[in-house]
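Encoded as structure tokens, the structure appears first; notes follow it.
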Number of protein chains: 2
Amino acid sequence: MPDSSPNARATAKPVPSAEPSKLPRRERERLRQREEILAAALELFSEKGFHRVRMQDIARKAEFAVGTLYRFFKDKEDLYRALVRSRAEHFHSTLKAVLTKNEREDPVSVLKRYLEAKANLLAGGVAMLKLYFAETRGARFSLRAGLDRELLQLYEDLLRQLARVFERGIRRKVFRALDPYKLAVALEGMTNGFLQLWVEQPERYPFDQQLALILDLFLHGVVIDEQRVQAR
Amino acid sequence: MPDSSPNARATAKPVPSAEPSKLPRRERERLRQREEILAAALELFSEKGFHRVRMQDIARKAEFAVGTLYRFFKDKEDLYRALVRSRAEHFHSTLKAVLTKNEREDPVSVLKRYLEAKANLLAGGVAMLKLYFAETRGARFSLRAGLDRELLQLYEDLLRQLARVFERGIRRKVFRALDPYKLAVALEGMTNGFLQLWVEQPERYPFDQQLALILDLFLHGVVIDEQRVQAR
DNA sequence: TCAAAATCTGAACCAAGATTCATAGTACGG
DNA sequence: CCGTACTATGAATCTTGGTTCAGATTTTGA
């Protein structure tokens with residue numbers, strides 16, 4: 001019974017950007033449509049969460065008939081996974097790149113660029129962020145294992161990359177000799193706290209406005225340091 | 001049609017502890033049962049999430065018949081809300097108490113006690129924490145508004161309380177003069193990062209083991225301070 | 001321009017699971 | 001030890017929404 005349709009595949013795709021296009025015309029069109037569906041889905045899922053969104057809704061928003069969705073995705077879950085995965089991959093690969101390039105750059109600058117990159121990624125809108133939180137944080141049960149593990153893997157990987165940066169910093173005597181991985185967790189946590197805040201009150205707490213504070217706080221802490229002159 | 005049953009109410013209840021009992025016997029029994037249902041529900045919801053748990057399951061685990069659940073709660077959602085709310089209230093009131101008492105105590109100690117209190121609350125098990133994350137973080141769409149707003153309110157309130165502590169610290173020249181609310185967000189974020197870690201690898205990263213690090217890091221930052229002798 | 005092939009469409013079908021309710025079981029008062 | 005009133009039970013409904021599929025529509029290519 002299952003697997004009767006020859007289509008319906010869940011692939012990965014970089015996301016937005018202009019398709020370099022080197023495909024059989026038809027195929028190109030197909031991908032565009034697929035992407036449109038995913039875009040509509042992102043909007044809806046991030047707003048209401050998996051279970052509250054009906055295939056109906058996605059279809060309507062993407063201006064297709066329900067049946068058509070099934071030409072692109074095996075079922076609702078497949079659609080969701082494709083969405084989350086594609087976004088997550090884009091997200092993580094971008095950040096990873098920042099952390100990886102320039103192995104010998106000043107660790108503090110790397111951290112700074114990392115945060116900026118994160119801000120840029122999110123600048124597009126809160127939709128993706130909500131999805132990100134829903135999956136990475138909290139509700140790890142949004143969907144059957146599989147995807148979960150995969151995502152955790154990605155996130156884990158990112159944390160490790162970040163830890164590397166701290167490691168370097170420690171070796172160079174710039175950072176205190178604390179467990180690098182935990183430092184990564186700490187920085188991520190703090191950052192996410194502000195992202196959370198941003199999601200709730202975008203106007204009042206624009207994320208990119210907090211970058212400096214985050215870094216400063218993470219680097220120097222709250223306690224007043226008599227020795228250091230905290231300019232401004 | 002609706003509202004035919006005179007029972008099914010969603011009240012608040014402190015949670016576990018020994019009921020002081022000053023109720024009409026029968027009523028007492030009733031509450032005990034209610035609490036048992038909630039306990040079973042917590043277990044299940046935290047494990048699988050709202051939608052993956054059937055009333056069936058809750059009934060079975062609590063050793064009642066499905067129908068009986070409806071004597072206590074209007075419907076599935078009502079049950080869920082009652083659960084989250086009761087837990088959340090316990091959680092927040094406890095923490096708030098810590099932050100509120102001793103207005104004149106050394107801010108750093110207060111923070112320390114705050115973190116400890118949090119650890120204690122969670123010591124009971126990850127179940128509650130998962131629920132906490134599912135609700136506080138990410139998936140703010142787990143259920144129709146209402147509860148959400150209420151929880152945000154609570155959390156917001158806690159943050160404000162925490163901010164007060166920082167305010168005091170700033171006034172006493174112990175902390176740097178940064179936006180207290182943001183400091184609260186930052187500390188919470190960092191803490192949650194480690195909680196997250198704990199949920200994922202309880203044995204490897206027991207939360208209470210991280211307390212010292214969290215506080216230290218938050219107070220002093222990662223950067224090596226030439227002036228200060230970082231003992232150990 | 002026409003017919004086969006590929007797509008799209010959305011009403012109809014179906015499964016899952018929440019909710020109801022007639023029936024069976026208990027507790028209480030006399 | 002009964003009759004009455006309340007409570008528990010779980011099989012039988014009802015709803016929701018995912019999935020299918022027999023046409024309708026469009027594209028291809030000769």
Side-chain angles (χ1 to χ4, degrees), chain A residues 1-10 23-37 40-41 44-45 47-83 141-144, chain B residues 1-10 23-37 40-41 44-45 47-83 141-144:
Chain A
M1 278 94 156
D3 251 313
S4 52
S5 33
N7 29 35
R9 197 77 286 138
L23 299 168
R25 275 196 170 291
R26 183 56 71 80
E27 202 60 13
R28 186 115 45 85
E29 185 56 28
R30 190 166 190 62
L31 283 183
R32 195 177 318 299
Q33 292 186 157
R34 188 192 144 95
E35 191 50 43
E36 259 172 74
I37 295 176
L44 291 170
F45 282 138
E47 197 51 54
K48 309 162 172 249
F50 185 75
H51 292 284
R52 298 249 217 103
V53 175
R54 296 170 307 169
M55 289 302 263
Q56 267 309 330
D57 304 328
I58 301 178
R60 178 164 17 263
K61 176 156 248 175
E63 295 178 272
F64 281 107
V66 244
T68 306
L69 300 188
Y70 286 85
R71 182 164 298 299
F72 292 87
F73 306 96
K74 186 161 75 48
D75 55 25
K76 191 183 175 187
E77 184 163 323
D78 185 42
L79 163 41
Y80 185 74
R81 291 191 181 211
L83 171 63
F141 35 56
S142 28
L143 274 195
R144 206 148 223 77
Chain B
M1 281 96 157
D3 252 315
S4 53
S5 34
N7 28 34
R9 196 75 286 137
L23 298 168
R25 275 196 169 291
R26 186 55 73 78
E27 201 60 14
R28 186 116 44 87
E29 187 56 28
R30 192 168 189 61
L31 284 183
R32 196 178 317 300
Q33 292 186 153
R34 189 192 145 94
E35 192 51 41
E36 260 172 71
I37 295 176
L44 292 170
F45 282 138
E47 197 52 54
K48 310 164 174 243
F50 186 75
H51 292 283
R52 299 247 217 103
V53 174
R54 296 170 306 170
M55 289 304 263
Q56 267 310 330
D57 304 328
I58 300 177
R60 179 165 14 266
K61 175 156 249 176
E63 296 179 274
F64 281 105
V66 245
T68 307
L69 300 188
Y70 287 85
R71 182 165 298 298
F72 291 87
F73 306 96
K74 186 161 75 50
D75 55 26
K76 192 182 175 186
E77 184 163 324
D78 184 43
L79 164 40
Y80 184 74
R81 290 188 182 212
L83 171 63
F141 37 56
S142 29
L143 275 195
R144 205 147 222 80

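Per chain, numbering begins at 1; letters A, B, ... match sequence-line order.
The distance from atom CZ of B:R30 to atom C1' of D:dC6 is 11 Å, rounded to the nearest whole Å. Between the CG atom of A:L69 and the P atom of D:dG18 there is a distance of 11 Å, rounded to whole Å. Put simply, NZ on A:K74 is 14 Å from P on D:dG18, counting in whole angstrom units. Whole-Å rounding puts the B:D57 CG to D:dG10 C1' distance at 15 Å. Protein atom CD of B:Q56 is 14 Å distant from nucleotide atom C1' of C:dT20, rounded to whole Å. For A:F73 and D:dT20, the CZ to P distance is 15 Å, given to the nearest whole Å. We find that CD1 of A:I58 is positioned 13 Å from P of D:dG17, with the value rounded to whole Å. Look at CG on A:D75: it is 19 Å from P on C:dC14, rounded to the nearest Å.
In the set D:dG10, D:dG18, C:dG10, the nucleotide with an atom closest to the side chain of A:Y70 is D:dG18. Side chain of B:K76, nearest nucleotide from C:dT7, D:dA8, C:dT19: C:dT19. Of the listed nucleotides (D:dT19, D:dA8, C:dT9), D:dT19 has the atom at the smallest distance from the side chain of A:V66.
Along DNA chain D, the nucleotide nearest to A:M55 and the one nearest to A:G67 differ in position, and the one closer to the 5' end is contacted by A:M55. Between A:V53 and A:T68, the residue anchored closer to the 5' end of DNA chain D is A:V53, taking for each the nucleotide with the nearest heavy atom.
Note: A:Y80 and A:F50 have perpendicular aromatic rings, judged against thresholds of 30 and 60 degrees for the angle between ring planes.
Checking the phosphate oxygens (OP1, OP2) of C:dA18, no side-chain nitrogen or oxygen of B:R54 falls inside 4.0 Å. Residue A:Q33 has a polar side-chain atom (N or O) positioned under 4.0 Å from OP1 or OP2 of C:dC8.
With hydrogens and angles ignored, the 3.5 Å screen pairs no side-chain donor or acceptor of B:D78 with any backbone N or O of B:D75. Under a 3.5 Å cut-off, the side chain of A:K76 and the backbone N or O of A:V53 do form a donor-acceptor pair.
If you check every strand for non-hydrogen atoms under 4.0 Å, A:E29 touches nothing.
For the pair B:R60 and B:R54, the minimum side-chain heavy-atom distance is below 4.5 Å.
A cation-pi arrangement, defined by a distance under 6.0 Å to the six-membered ring centre and an angle within 45 degrees of its axis, is absent between A:R34 and A:F73.
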